[in-house]
Asker: 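One structure is given below, represented as structure tokens, and several questions about it will come after.
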Amino acid sequence: MSFPLLTATAALPAIGAIATAAVPAARRTTAKWLALLFSLATLVLAGIALVRFEPGGARYQLTESHAWIKDFGVRYELGVDGIGLALMALTALLIPFVILAGWHDADPLETKSSRWRPTQGFFALILMVEAMVILSFEATDVFLFYILFEAMLIPMYFLIGGFGDRAHTGSDENAAAQRSYAAVKFLLYNLVGGLIMLAAVIGLYVVAGTFSLSEIAEARASGSLSMATSTERWLFLGFFFAFAVKAPLWPLHTWLPNAMGEATSPVAVLITAVVDKVGTFAMLRFCLQLFPEASKWATPLIVVLALISIVYGALLAVGQRDIKRLIAYASISHFGFIILGIFAMTSQGQSGATLYMVNHGISTAALMLVAGFLITRRGSRLIADYGGVQKVAPVLAGTFLIGGLATLSLPGLAPFVSEFLVLVGTFSAYPAAGIIATTGIVLAALYVLVLYQRTMTGPVKAEVQGMPDLKVRELAVVLPLIALLLFLGVYPKPLTEIVNPAVQHTMSDVQKKDPQPEVEAAK
């Protein structure tokens, strides 16, 4: 039996979570280093998976399959295509930076009992989320995926509600109430989506007799599996609703600004750059692959919802007074682009959407983590409390600007390639939708540049005077992310080579071909 690389990649952070949680209360620094080492080891395994993956090979590679719950036909089946592999690598890449950025976020306050061990719990929960997210990108059994899809809510709930942002303008009681509200809202929204998905998962088993993606694909190809049109559409809606909540897509998005605003900045990155990608990934892997006819049937409505997300999220970002909530609404707009690219049903759109998932994760991590360093120094999330930061902390201001420019998809930075492909793919299929989507680019330039102007330029406010610049640990977090944004901005080929074959398989699933350009005959 070959080495179970995919299982090891997911199991390693889970083992790390247990080991970190078991560190004695007085050894908080040991717990931090242990969590960081396990996350780096996971990144090494993800790198090995990237090397072993053959872009022109089988659709799902590095596969594993074992009987699990025989009475219900549930198997432990894993495999990655180019899309799942890219997102698995993104997750493994970001977690070490999340841990480094949150190095002191869970240190106990003086008012806390020394018997309480928030530090160990904080890093253990981050590693547990990493394990579940990686395994969800690898799962090719629908029921296994569903369990992971729901289980990751538990550690995220405690990370949001138990380890909230300390830069809160109100009283401690009000801050605790806001964190609790955000955590409960996050949990309830996603649980409702998950329960609806569970009904659809059961319905799929009744129709197909299996939870295995490979077996369902074989049955479709042989003609032994056929779904009534109404059945397929209802099942599609059950899956899509859950994924749209997780993504998040308007009007199911309202939990995200609360969750990101009240969480620590590293946890906010975990939410939008890692966990939310499970929703958009699942639209490609499950909605389009399992329900191709229903996916095409629902496309016009989903395109409209994606356009609303793009414009609505950007407009609300423009009007925000809270730095973290501005980034949250910007992410809603970006997820609209991702979903638009997926359901444009063109190879350019879906390649762009997949690249957008990766590049958005890197750019949002860079911007949010630098914003977190800024907020920690000043003790406030309000934009109005800043001014003139670039004069006292030029490196912090410079990295903040690069993260912001990546967020608005400036040419030369990684998100530009993604957004360009999404718009090209959308224009070729839905010209009007492509035109409307471009307004999101204009609004992104507005909210990013206004944010930078209000916080970093102008007279130096008294509260900002003496603010220290980025330290070595913080530079170790930010500089590699910026380097990646620059590298993938000018040379995205390594990523597109992995992603494009998987996109072609998805296009084949829905039996769609790229529209041919209309060329007038020469006279």
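In what follows, every heavy atom counts, from backbone to side chain, and hydrogens, waters and symmetry copies are set aside.
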Asker: Applying side chain to side chain donor-acceptor pair (under 3.5 Å) as the test, list every pair that has at least one member in residues 233-258; sequence neighbours left out.
Answerer: K185-N258, Y189-T254, R233-E293
Asker: Any donor-acceptor pair under 3.5 Å linking the side chain of R378 with the backbone of D385?
Answerer: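 Side chain of R378 to backbone of D385, a donor-acceptor pair under 3.5 Å: yes, one is there.
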Asker: Would you say E130's side chain and I126's backbone share a donor-acceptor pair under 3.5 angstrom?
Answerer: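 No.
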Asker: Passes side-chain contact (heavy atoms from CB on, under 4.5 Å), M197 versus F243? Steps please.
Answerer: CA-CA 9 Å; M197 180 183 169; F243 303 152; 3.8 Å; yes
Asker: Please verify the inter-ring angle class for F236 with W297; under 30° counts as parallel, over 60° as perpendicular, anything in between as tilted.
Answerer: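 Answer is perpendicular, since the angle exceeds 60°.
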Asker: Using distance only, find each side-chain donor-acceptor pair of residues 18-27 under 3.5 Å and give its atom names and separation, not counting sequence neighbours.
Answerer:
from	atom 1	to	atom 2	distance (Å)
T20	OG1	G16	O	2.7
R27	NE	T30	OG1	3.3

Asker: Quick check: closest heavy atoms across A101 and V477, and the distance to 0.1 Å?
Answerer: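 Taking every non-hydrogen atom into account, N-CG2, 3.8 Å.
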Asker: Would you say the side chain of L159 lies within less than 4.5 Å of the side chain of F122, judging by non-hydrogen atoms?
Answerer: yes
Asker: Any donor and acceptor pair, going by atom type alone, linking the side chain of T399 with main-chain N or O of L396 inside 3.5 Å?
Answerer: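 Side chain of T399 to backbone of L396, a donor-acceptor pair under 3.5 Å: yes, one is there.
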Asker: Identify the two heavy atoms, one from S136 and one from V133, that lie closest to each other, and give their separation to 0.1 Å.
Answerer: OG-O, 2.6 Å
Asker: Applying side-chain contact (heavy atoms from CB on, under 4.5 Å) to V274 and V98, what does each step give before you reach the verdict?
Answerer: CA-CA 11 Å; V274 176; V98 167; 6.0 Å; no
Asker: Between F240 and F343 (judged by ring centroids, cut-off 6.0 Å), do the two rings come close enough to count as a pair?
Answerer: yes
Asker: Applying side chain to side chain contact (heavy atoms under 4.5 Å, CB included) between L307 and each of I339, L340, T426, report the one that passes.
Answerer: L340
Asker: Is the closest side-chain heavy-atom distance between F337 and I310 below 4.5 Å?
Answerer: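 Sidechains of I310 and F337: in contact.
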Asker: With rounding to the nearest 0.5 angstrom, report the CD1 to CG distance, I69 to D141.
Answerer: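 Reported value, rounded in 0.5 Å steps: 9.0 Å.
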Asker: Please enumerate all residues that pass side-chain hydrogen bond (donor to acceptor under 3.5 Å, both in side chains) together with E419, with sequence neighbours excluded.
Answerer: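 Y356, S409.
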Asker: Determine the sole option in W33, F373, F97 for which the ring-ring contact (aromatic ring centres under 6.0 Å, His included) test with W103 is passed.
Answerer: W33
Asker: Please name all residues satisfying side-chain hydrogen bond (donor to acceptor under 3.5 Å, both in side chains) with Y157, sequence neighbours left out, ordered by chain then number.
Answerer: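 Y157 satisfies side-chain hydrogen bond (donor to acceptor under 3.5 Å, both in side chains) with no other residue.
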Asker: Among pairs that include at least one residue of residues 456-480, which meet side chain to side chain donor-acceptor pair (under 3.5 Å), considering only residues two or more places apart or in two chains?
Answerer: R377-E474
Asker: To the nearest 0.5 Å, what is the distance between CG (L374) and CZ (F400)?
Answerer: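 One gets 6.5 Å once the value is rounded to the nearest 0.5 Å.
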Asker: For the residue pair Y452 and Q390, confirm or rule out a side-chain donor-acceptor distance under 3.5 Å.
Answerer: yes
Asker: Tell me, do T272 and I327 make a side-chain contact under 4.5 Å, heavy atoms counted?
Answerer: no
Asker: With a 4.5 Å cut-off on side-chain heavy atoms, are L127 and I15 touching?
Answerer: no
Asker: Which heavy atom of S333 sits nearest to which heavy atom of G313, and what is that distance?
Answerer: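 Minimum heavy-atom separation between S333 and G313: CB-C, 4.1 Å.
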Asker: Is there a side-chain contact between V278 and L148, using heavy atoms and a 4.5 Å cut-off?
Answerer: no
Asker: Using 0.5 Å steps for rounding, measure from the OG1 atom of T119 to the CG atom of D105.
Answerer: 10.0 Å
Asker: Any donor-acceptor pair under 3.5 Å linking the side chain of S363 with the backbone of H360?
Answerer: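 Yes; judged by distance alone, with no hydrogens or angles, the pair exists.
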Asker: Looking only at atom types and distance, does a side-chain atom of S309 sit under 3.5 Å from a main-chain N or O of L249, one as donor and one as acceptor?
Answerer: no
Asker: Check whether Y386 reaches the backbone of S380 with its side chain - one donor and one acceptor, N or O, closer than 3.5 Å.
Answerer: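 Looks like yes, one N/O pair under 3.5 Å.
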Asker: Could you report the tightest heavy-atom contact between L90 and A273, atom names first, then the distance?
Answerer: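 The answer is CD2-O, 3.8 Å.
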Asker: My understanding is that only one of R179, R381, K324, R325 makes a salt bridge (Lys or Arg N to Asp or Glu O under 4.0 Å) with E262; could you say which?
Answerer: R381
Asker: May I ask you to test the V201-Y205 pair for a side-chain heavy-atom distance under 4.5 Å?
Answerer: no
Asker: What pairs with V448 under side-chain contact (heavy atoms from CB on, under 4.5 Å), at least two apart in sequence or on another chain?
Answerer: T407, L408
Asker: Identify, with sequence neighbours excluded, every residue that meets side-chain contact (heavy atoms from CB on, under 4.5 Å) alongside L198.
Answerer: Y146, I202
Asker: Which is it for I271 and L256 under the side-chain contact (heavy atoms from CB on, under 4.5 Å) test, yes or no, and what are the steps along the way?
Answerer: CA-CA 8 Å; I271 295 170; L256 183 65; 3.7 Å; yes
Asker: Enter the distance from T455:OG1 to L382:CG here, rounded to the nearest 0.5 Å.
Answerer: 12.5 Å
Asker: Of all residues at least two apart in sequence or in a different chain, which pass the side-chain contact (heavy atoms from CB on, under 4.5 Å) check with R321?
Answerer: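 side-chain contact (heavy atoms from CB on, under 4.5 Å) check on R321 returns nothing, list empty.
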Asker: Could you measure the distance from the CE atom of M128 to the CZ atom of F158? Nearest 0.5 Å is fine.
Answerer: 12.5 Å
Asker: How would you list, by chain and number, every residue that makes a side-chain contact (heavy atoms from CB on, under 4.5 Å) with L195, sequence neighbours excluded?
Answerer: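 For L195 there are no side-chain contact (heavy atoms from CB on, under 4.5 Å) partners, ignoring immediate neighbours.
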Asker: So which heavy atom on L485 is nearest to which on A406, and how close?
Answerer: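 Scanning both residues, the minimum pair turns out to be CD1-CB, 3.8 Å.
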Asker: Go through the steps to decide whether F149 and N190 satisfy the test side-chain contact (heavy atoms from CB on, under 4.5 Å), and finish with yes or no.
Answerer: CA-CA 9 Å; F149 186 83; N190 284 275; 5.6 Å; no
Asker: I'd like to check L135 versus E138 (side-chain heavy atoms, cut-off strictly below 4.5 Å). Are they in contact?
Answerer: yes
Asker: List for me each residue that meets side-chain hydrogen bond (donor to acceptor under 3.5 Å, both in side chains) alongside E150, sequence neighbours excluded, and say none if there are none.
Answerer: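 Partners of E150 under the side-chain hydrogen bond (donor to acceptor under 3.5 Å, both in side chains) test: none.
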Asker: I want to check something: taking the side chain as every heavy atom from C-beta on, are M152 and V275 in contact at a cut-off of under 4.5 Å?
Answerer: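 Yes, their side chains come closer than 4.5 Å.
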Asker: Return the CD1 to NZ distance between I338 and K277, rounded to the nearest 0.5 Å.
Answerer: 5.5 Å
Asker: Report the residues that fulfil side-chain hydrogen bond (donor to acceptor under 3.5 Å, both in side chains) with N359, sequence neighbours left out, ordered by chain and then residue number.
Answerer: S418
Asker: Can you name the residues that form a ring-ring contact (aromatic ring centres under 6.0 Å, His included) with F291, not counting sequence neighbours?
Answerer: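 So F291 forms a ring-ring contact (aromatic ring centres under 6.0 Å, His included) with F239.
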Asker: Can you see which heavy atom on L235 is nearest to which on A200, and at what distance?
Answerer: CD2-O, 3.4 Å
